[in-house]
Q: 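Next up is a structure, given as structure tokens.
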There are 2 protein chains.
Amino acid sequence: MARERKIDMVILGLLSHEDLTGYDIKKRIDGAISFFWKGSFGNIYPALKGMENQGLITKNDTSVGGREKTTYHITESGSDALKDWLKEEQASNELKYETLLKLFFGGAESRGVSVHNIEVFEEQIQKDLKVLKKYSEALEKSLDVEDHIYYSLTASFGIKTYEAYLKWCAKAKKMLKQRGGK
Amino acid sequence: MARERKIDMVILGLLSHEDLTGYDIKKRIDGAISFFWKGSFGNIYPALKGMENQGLITKNDTSVGGREKTTYHITESGSDALKDWLKEEQASNELKYETLLKLFFGGAESRGVSVHNIEVFEEQIQKDLKVLKKYSEALEKSLDVEDHIYYSLTASFGIKTYEAYLKWCAKAKKMLKQRGGK
DNA sequence: AAAACGATATATCAAATTGATATATAAAGG
DNA sequence: CCTTTATATATCAATTTGATATATCGTTTT
């Protein structure tokens, strides 16, 4: 029974900075947050409804032409819920790496397949690392360094781990090729 | 619509080595695999039923005393499904790090809370790293090095990333403390 | 100017996963 | 003998995933 809806905290965190629509929230999550958290429309819209019923957020419907739009705003109660969550020291951290799963179970298969799987992973990481570095550099240049320290820290986490991944990829490929095999 | 049940592949991968019960499978997942994949009973048992219906595995009921036990065995069709999955180059790799989420949104809160959250994370990683290193050392000492190369590679991935995490923790704590603040 | 295209915006659904709980037996330890 | 831990299966609500549907708006291509 997943008792706490984690997406709620993501949404409250985003709304604590600015009012947003569900669509905006999705865009924010797909941005700087995406490398350590995910969210989907099927997740976001029901959460917005639920939180509105709980009084954690309020909605404001507008219509520009024939276009409907609902913007959400965090309430004091919502702000309190966010703070409570921030103070709880328990946090679930987990990774699901299908690439490692394939490598782990790939022993029975040809070594070439394993090497190729690592190469595909490596390319993806290189791409992601490039994006993150650009984001990080833009932050460094920003005047208000103090305000961006938390964004910098999460970005540097991503960069450090991605760099570790790449080192591992090089080592793993070398090992698999050296030992010849199937 | 999550079209592919990933747990199926984990189970087939495990069954490709030995016959197992659902309970055994859970234990295996909680072991060497746990740092890059998770599984629960509520996930495993339905998957076993489903795969039996699909003919990917066969079951063998036994009863020792008043105790029932169902052991599963992989079929040729199941083995093919596993091989097909191994060859598919697409793989979803993602992490969900609540610690980073808290750090990212914690800017509005006191700096002490952020430092504490990092410390809690750090302790967990140190503990996990210790376990992984022991596992890795045991593998190195194993006579059949060739057979264990894939297990070593996944373990070394964990060690490398955990070490990167710890370096980041040190840096992040230092940064937060240096800048004083709230 | 019309058509095509991509971005904006909300909503919904089946399937999969999570995390907890329930139940019962066997083994181990004090 | 009793308590605790390990074995073993099952089920459920809540949550998440990933896809699909629908419709409008703005920009670019024919």
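Proteins come first, then strands; the chains are lettered A, B, ... in the order of their sequence lines, and each starts at number 1. None of these values were measured; they are calculated from a predicted model.
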Q: Rounded off to whole Å, could you give me the CD-to-P distance for the B:Glu52 and D:dT9 pair?
A: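 It works out to 13 Å between those atoms.
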Q: Measure from CZ on B:Arg67 to P on C:dA27 and round the result to the nearest Å.
A: 7 Å
Q: Grab the NZ-P distance between A:Lys69 and C:dT8 for me, whole Å please.
A: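 Those two atoms, NZ and P, are 10 Å apart.
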Q: CG of A:Asn43 versus C1' of C:dA16: gap in Å, rounded?
A: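 Rounding to the nearest Å, CG of A:Asn43 and C1' of C:dA16 are 13 Å apart.
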Q: Quick one: does A:Asn93's side chain have a donor or acceptor within less than 3.5 Å of a partner on B:Phe121's backbone?
A: no
Q: Of the nucleotides C:dT12, D:dT11, C:dT17, which one has an atom closest to the side chain of A:Tyr45?
A: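 Ranking C:dT12, D:dT11, C:dT17 by closest atom to the A:Tyr45 side chain puts C:dT12 first.
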Q: With respect to the side chain of A:Ser40, which nucleotide from D:dT17, C:dT17, D:dT9 is positioned closest?
A: D:dT17
Q: Under 4.0 Å between a side-chain N/O of B:Lys38 and OP1 or OP2 of C:dT18, yes or no?
A: no
Q: When the distance from CD of A:Glu98 to C1' of C:dA16 is rounded to whole Å, what number comes out?
A: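 These atoms are roughly 14 Å apart.
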Q: Base, sugar-phosphate, or nothing: which does A:Thr21 touch, judged by heavy atoms less than 4.0 Å apart?
A: sugar-phosphate
Q: Pick the closest DNA chain C nucleotide for A:Phe41 and for A:Lys6 by heavy atoms, then say which residue is nearer the 5' end.
A: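 Mapping each residue to its closest nucleotide by heavy atoms, the 5'-most match is A:Phe41.
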Q: Give a yes or no on whether B:Met175 and B:Tyr165 share a hydrophobic cluster (residues Ile, Leu, Val, Met, Phe, Trp, Tyr; joining criterion: side-chain heavy atoms under 4.5 Å apart).
A: yes
Q: Which part of the nucleic acid does B:Lys49 contact within heavy-atom distance under 4.0 Å: base, sugar-phosphate only, or nothing?
A: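 Touches sugar-phosphate only.
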Q: Side chain of B:Ile7 only, heavy atoms from C-beta on: which candidate in C:dT17, D:dT16, D:dT17 is closest?
A: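 Out of C:dT17, D:dT16, D:dT17, the nucleotide with an atom closest to B:Ile7's side chain is C:dT17.
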Q: Measure CG/A:Asp8 against P/D:dA14 and give the value in whole Å, please.
A: 14 Å
Q: Taking only Lys NZ, Arg NE, NH1 and NH2, and the carboxylate oxygens of Asp or Glu, determine whether B:Lys83 and B:Glu88 approach each other closer than 4.0 Å.
A: no
Q: With a 4.0 Å cut-off on heavy atoms, is A:Gly42 in touch with a base, just the backbone sugar-phosphate, or nothing at all?
A: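 Base contact - A:Gly42 has a heavy atom under 4.0 Å of at least one base atom.
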Q: What is the distance, rounded to the nearest whole Å, between atom CD1 of B:Ile25 and atom P of D:dA8?
A: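 Spelled out: CD1 on B:Ile25 to P on D:dA8 is 12 Å.
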Q: Taking atom NZ of B:Lys38 as the centre, does the number of heavy atoms from other residues, nucleotides or ligands within less than 6.0 Å exceed 12?
A: yes
Q: If only side-chain N and O atoms of B:Tyr23 are considered, is one of them under 4.0 Å from the OP1 or OP2 phosphate oxygen of D:dT9?
A: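 False: B:Tyr23 side-chain N/O out of range (4.0 Å or more) of D:dT9 OP1/OP2.
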Q: Assign each of B:Asp24 and B:Ser92 to its nearest nucleotide of DNA chain D by heavy atoms, then name whichever residue's nucleotide is nearer the 5' end.
A: B:Asp24
Q: Let me know the distance between CZ of A:Arg5 and P of D:dA13, rounded to the nearest Å.
A: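 Between P of D:dA13 and CZ of A:Arg5: 17 Å.
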Q: Contact class for B:Lys26 vs. all strands (heavy atom < 4.0 Å): base, sugar-phosphate, or nothing?
A: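 No contact.
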